[in-house]
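Report on the following structure.
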Amino acid sequence: MAPMGGWAVDHNDQVFEDRALLRSHTCGELRASHEGQQVTLCGWVDSYRDHGGTIFVDLRDRYGKTQVVFDPDIGDAQLALGRSLRSEDVIKVTGKVSHRPAGTVNPKLDTGEVEIRSTEVTLLNKCLNAPFAPGQQDLPGEDLRLRYRYLDLRRPAMQRTLVTRSRIIKTMRDYFDENNFIDVETPILGRSTPEGARDYLVPSRVNTGNFFALPQSPQLYKQILMIAGYDRYVQVARCFRDEDLRADRQPEFTQLDLEMSFVEMDDIIGMIDGLMVRLAKELLDIDLKTPLPRMTYDEAMERFGHDAPDLRYGMELVDCTDLAAQAEFRVFRGVADSGGRVRAINAKGAANNYSRKDIDLMTEWVQQDFGAKGLAWFKVDADGKLSSPIAKNFSDELLQKFKERMAAEPGDFLLISADTWDVTCRVLNALRRRLAAELKLYDPSDMNFSWVVEFPMFDYDPEEKRWVAMHHPFTAPRPQDLPLLDTDPQAARAVAYDLVINGSEAGGGTIRIHDNQIQQKVFGLLGMDEESAQERFGFLLDALRMGAPPHGGIALGIDRIVMLFAQLESIRDCIAFPKTQRATDLMTGAPGTVERRQLQELGIRIAAENK
RNA sequence: GGGGCCGUAGCUCAAUUGGUUAGAGCACUGGACUGUCGAUCCAGAGGUUGCGGGUUCGAUCCCCGUCGGCCUCGCCA
């Protein structure tokens with residue numbers, strides 16, 4: 001083994017040149033070819049089997065497991081020590097590698113052909129009162145796993161995931177290094193910007209009453225780097241957003257952040273296509289075809305009701321508003337007449353998978369979670385008839401047209417959302433995803449990569465009664481849409497692109513505004529007057545007047561990408577030390593209170609205790 | 001901020017309509033056993049049913065509150 005670096009001093013002030021001398025091999029590397037060698041292994045006791053005379057111990061480290069044998073003839077003291085070993089004790093064992101007797105080879109272990117016949121065992125550290133064992137069959141609750149994260153991280157599954165994560169990041173770094181990118185670090189202590197997510201704030205002691213903000217992303221710094229002439233920047237950047245958590249959201253997360261100068265959208269997308277090809281090949285041995293497919297935002301919303309559609313299965317949304325307008329049924333007519341939409345999905349052959357009770361629960365769900373007023377449905381009977389409580393409200397002719405529109409066949413289950421465009425999108429997207437999962441319409445190990453492009457520049461915020469940037473305020477509109485900024489901002493489309501993997505947004509980027517005038521205009525549309533724009537982003541506006549190249553970039557969510565590549569359900573499972581849904585660290589107890597003196601130094605007083 | 005699920009032995013779970021002493025597997029302790037590998041066999045110990053209150057003759061079970069974990073809507077440029 002390679003020396004682990006430098007001089008190290010142990011508690012007895014003895015100096016070792018090389019700590020690796022403690023062991024000669026790892027627990028995953030011994031094979032029949034090592035037979036006869038004297039070796040020393042260190043590791044954790046994974047399991048033990050005491051046969052009265054002979055004792056077997058499976059020794060584990062992150063490389064694998066090796067069986068250690070304690071024969072009765074090694075001496076009473078050694079045998080007693082061997083007998084006292086329990087799960088998760090840390091030991092050092094010296095002995096000879098020997099081929100296992102015929103019939104006792106264990107094909108489940110890579111090292112299963114051999115075993116160590118222990119001649120000397122040292123207990124390096126006893127494991128006392130562990131609340132759970134990494135090797136136990138049933139996974140403990142997540143709160144325990146987080147509280148005793150060091151036990152959880154010993155589990156081979158967690159170790160594999162963190163290795164995968166490490167390899168993904170290494171592949172990214174290699175790829176961008178080969179493509180002439182330079183890695184530049186940007187500040188963690190920055191300035192709060194009111195747009196976007198809530199900031200994590202850090203009080204300044206030196207400037208009492210002022211606060212730093214942790215970066216939501218290095219957005220402005222990387223644009224400044226472009227203006228500074230570093231035409232290809234990349235960084236594995238930690239980002240922070242103080243918003244509520246989800247299974248795929250953490251308050252601090254890691255982005256592969258990059259920016260390029262003198263580029264158009266295709267250059268960025270092409271660069272990331274290349275990265276995805278490389279990652280898919282190296283990690284999953286999948287050959288991706290490039291260019292990865294693209295669709296516009298408008299198409300994605302129309303066909304799937306979502307800006308990050310899962311393309312591993314069909315069940316696309318079908319518009320039936322025109323048919324609904326002809327119906328007697330008041331609900332449908334009303335929606336059609338008031339500018340709403342009536343859209344449907346066809347769950348092929350699923351009519352018998354859902355009972356009335358199931359559908360009632362589904363209806364409640366879309367009402368509660370997505371603001372639907374209701375959920376209409378039809379089942380196609382064996383004779384081709386559409387059955388549903390609302391069937392009597394439609395003429396046979398109209399039902400026939402609807403069937404044709406939906407390509408409905410006997411056994412199909414049709415779900416219809418009649419509502420505002422927005423609600424039909426949310427409801428049918430949710431139903432489509434849920435039904436596809438329940439009906440197993442796709443292989444969970446399939447990987448699908450695509451791009452969604454041309455997002456709207458703005459969203460209208462009815463509460464604040466103003467436009468908000470759909471991506472961020474530095475996003476460039478398509479050149480042909482520049483006039484729309486004055487006439488119809490809602491229609492303006494951005495040069496924006498999201499990378500979508502299996503229905504998850506894995507990354508997003510834009511070409512940036514590199515013209516001071518356009519930037520000021522966008523700030524204006526977002527409700528920022530000149531003064532406050534100058535106050536918040538004056539440095540950027542200045543920089544945009546001092547030789548700013550056309551530039552753009554993208555940020556990929558590394559945690560999500562690892563989660564998707566490793567087929568995990570939760571982002572917490574690919575982060576070594578994640579936070580709970582309430583953004584706390586169960587191991588360290590963060591966040592915690594601080595001493596009064598610290599607050600005084602910062603000029604901070606806690607306004608009111610809640611209890 | 002809203003909706004939902006969960007909390008019983010160290011761990012994973014069970015406990016009939018609200019009814020006697022709250023059970024099982026794993027782990028743990030003691031014993032037996034020289035080839036196992038999820039070892040096996042025998043015995044044992046282990047409980048404030050998250051916490052507080054209420055209803056009841058009686059609460060793991062029903063109600064209210066609270067704490068914690070998870071899922072989700074809002075939120076996340």
Side-chain angles (χ1 to χ4, degrees), chain A residues 46-59 65-73 79 84 86-88 98 100-109 111-112 115 117 127-148 151 193-199 216-217 219-220 239-251 253 361 364-372 426-427 430 434 455-459 461 463 467-475 494 496 505 508 510 522 526 555 557 569-570 572 579-582 584 586 611:
Chain A
D46 196 65
S47 60
Y48 62 92
R49 296 173 291 281
D50 182 349
H51 284 256
T54 308
I55 302 162
F56 299 93
V57 166
D58 289 342
L59 198 61
K65 277 193 235 178
T66 302
Q67 174 163 283
V68 178
V69 187
F70 296 87
D71 285 314
D73 57 14
L79 203 59
S84 74
R86 293 294 178 271
S87 291
E88 300 309 306
S98 71
R100 293 198 189 190
T104 65
V105 166
N106 185 352
K108 289 187 208 160
L109 293 183
T111 62
E115 59 194 9
R117 307 196 78 87
C127 175
L128 290 171
N129 300 325
F132 65 92
Q136 75 182 45
Q137 59 276 54
D138 297 305
L139 208 55
E142 192 163 4
D143 45 349
L144 265 192
R145 292 175 52 207
L146 292 173
R147 178 159 172 208
Y148 300 94
L151 297 180
T193 54
E195 291 276 325
R198 284 188 200 93
D199 287 318
Q216 295 178 28
S217 82
Q219 183 59 35
L220 288 163
C239 306
F240 306 85
R241 292 175 194 177
D242 187 7
E243 294 292 346
D244 287 351
L245 277 51
R246 287 287 189 283
D248 62 352
R249 255 194 253 159
Q250 280 277 299
F253 57 100
L361 288 171
E364 247 173 68
W365 175 55
V366 297
Q367 288 172 329
Q368 164 67 34
D369 273 12
F370 306 103
R426 290 189 308 185
V427 166
R434 174 172 164 173
F455 283 69
M457 281 288 286
F458 308 104
D459 244 351
D461 183 338
E463 273 181 34
W467 297 104
V468 293
M470 189 137 177
H471 195 80
H472 58 53
F474 320 107
T475 298
E505 181 192 335
T510 64
V522 170
L526 295 173
E569 303 272 308
S570 163
R572 295 182 297 278
K579 301 219 170 10
T580 67
Q581 190 161 56
R582 291 187 58 243
T584 64
L586 293 182
K611 278 172 286 191

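Reminder, nothing fancy here: chain letters follow the sequence lines and each chain counts from 1.
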Show me the protein contacts with nucleotides 39-43 of chain B, counting only N or O atoms at under 3.5 Å.
unit_1	atom_1	unit_2	atom_2	d
B/A39	N6	A/Asp50	O	2.7

Base-pairing mate for [N] - Watson-Crick or G-U, with both contacts under 3.5 Å:
N	result
B/A15	none
B/G38	none
B/A43	B/U29
B/U20	none

Side chain of [X] (C-beta onward), nearest among [options]:
X	options	answer
A/Pro101	B/C71, B/C37, B/G35	B/G35
A/Arg100	B/C75, B/C37, B/U34	B/C37
A/Arg86	B/U29, B/C37, B/U34	B/U29
A/Ala197	B/C76, B/G69, B/U34	B/C76
A/Glu115	B/G35, B/G38, B/C75	B/G35
A/Arg572	B/C75, B/U36, B/C71	B/C71
A/Gln581	B/C71, B/U36, B/G69	B/C71

Checking all strands, does [X] fall into the base, sugar-phosphate, or nothing category for heavy-atom contacts under 4.0 angstrom?
X	result
A/Ser217	base
A/Lys65	nothing
A/Phe370	sugar-phosphate
A/Glu142	sugar-phosphate
A/Ala133	nothing
A/Leu245	nothing
A/Arg426	sugar-phosphate
A/Arg434	nothing

For A/Leu245 against A/Pro251, the heavy-atom pair lying closest together: CD2-CD, 3.5 Å
Distance-minimising heavy-atom pair for A/Cys127 and A/Ser87: CB-O, 3.8 Å
A/Thr580 side chain near A/Leu146 side chain, heavy-atom distance below 4.5 Å: yes
Any A/Pro134 side-chain heavy atom under 4.5 Å of A/Asp46 side chain: no
Under 3.5 Å: donor-acceptor pair, side chain of A/Gln250, backbone of A/Lys579: yes
Whole-Å gap separating [atom2] ([N]) and [atom1] ([X]):
X	N	atom1	atom2	result
A/Leu146	B/G68	CG	C1'	12 Å
A/Leu586	B/C67	CG	P	16 Å
A/Gln67	B/G38	CD	C1'	14 Å
A/Asp143	B/C67	CG	P	17 Å
A/Ile55	B/U36	CD1	P	16 Å
A/Asp461	B/C76	CG	P	8 Å
A/Asp248	B/C70	CG	P	14 Å
A/Met470	B/C75	CE	P	12 Å

Partners passing side chain to side chain contact (heavy atoms under 4.5 Å, CB included) against A/Glu243 (at least two apart in sequence or in another chain): A/Ala197, A/Arg198
Counterpart residues, side chain to side chain contact (heavy atoms under 4.5 Å, CB included), relative to A/Pro107 (two or more places apart): none
A/Arg100, CZ: over 12 other non-hydrogen atoms inside 6.0 angstrom: yes
5' precedence on RNA chain B between A/Ala247 and A/Phe474 (nearest-nucleotide basis): A/Ala247
Any N/O donor-acceptor pair, A/Arg249 side-chain to B/C76 base, under 3.5 Å: yes
hbond_proxy A/Arg145 side chain to B/G69 base (donor-acceptor, 3.5 Å cutoff): no
Just to confirm, is there a sub-4.0 Å distance from OP1 or OP2 of [N] to any side-chain nitrogen or oxygen of [X]?
X	N	answer
A/Arg582	B/G69	yes
A/Thr584	B/G69	yes
A/Arg147	B/G69	no
A/Thr580	B/G69	yes

side-chain contact (heavy atoms from CB on, under 4.5 Å) between A/Met470 and A/Phe458, intermediate numbers included: CA-CA 5 Å; A/Met470 189 137 177; A/Phe458 308 104; over 6 Å; no
With A/Asp369 via side chain to side chain donor-acceptor pair (under 3.5 Å) - residues at least two apart: A/Trp365
Any pair counted as side chain to side chain donor-acceptor pair (under 3.5 Å), so long as it reaches residues 48-57 of chain A, sequence neighbours left out: A/Ser47-A/Arg49, A/Tyr48-A/Arg86, A/Arg49-A/Asp58, A/Arg49-A/Gln67, A/Asp50-A/Arg83
Sugar-phosphate or base contact per nucleotide [nucleotides 3-11 of chain B; S, B, -; heavy atom under 4.0 Å]: S------SS
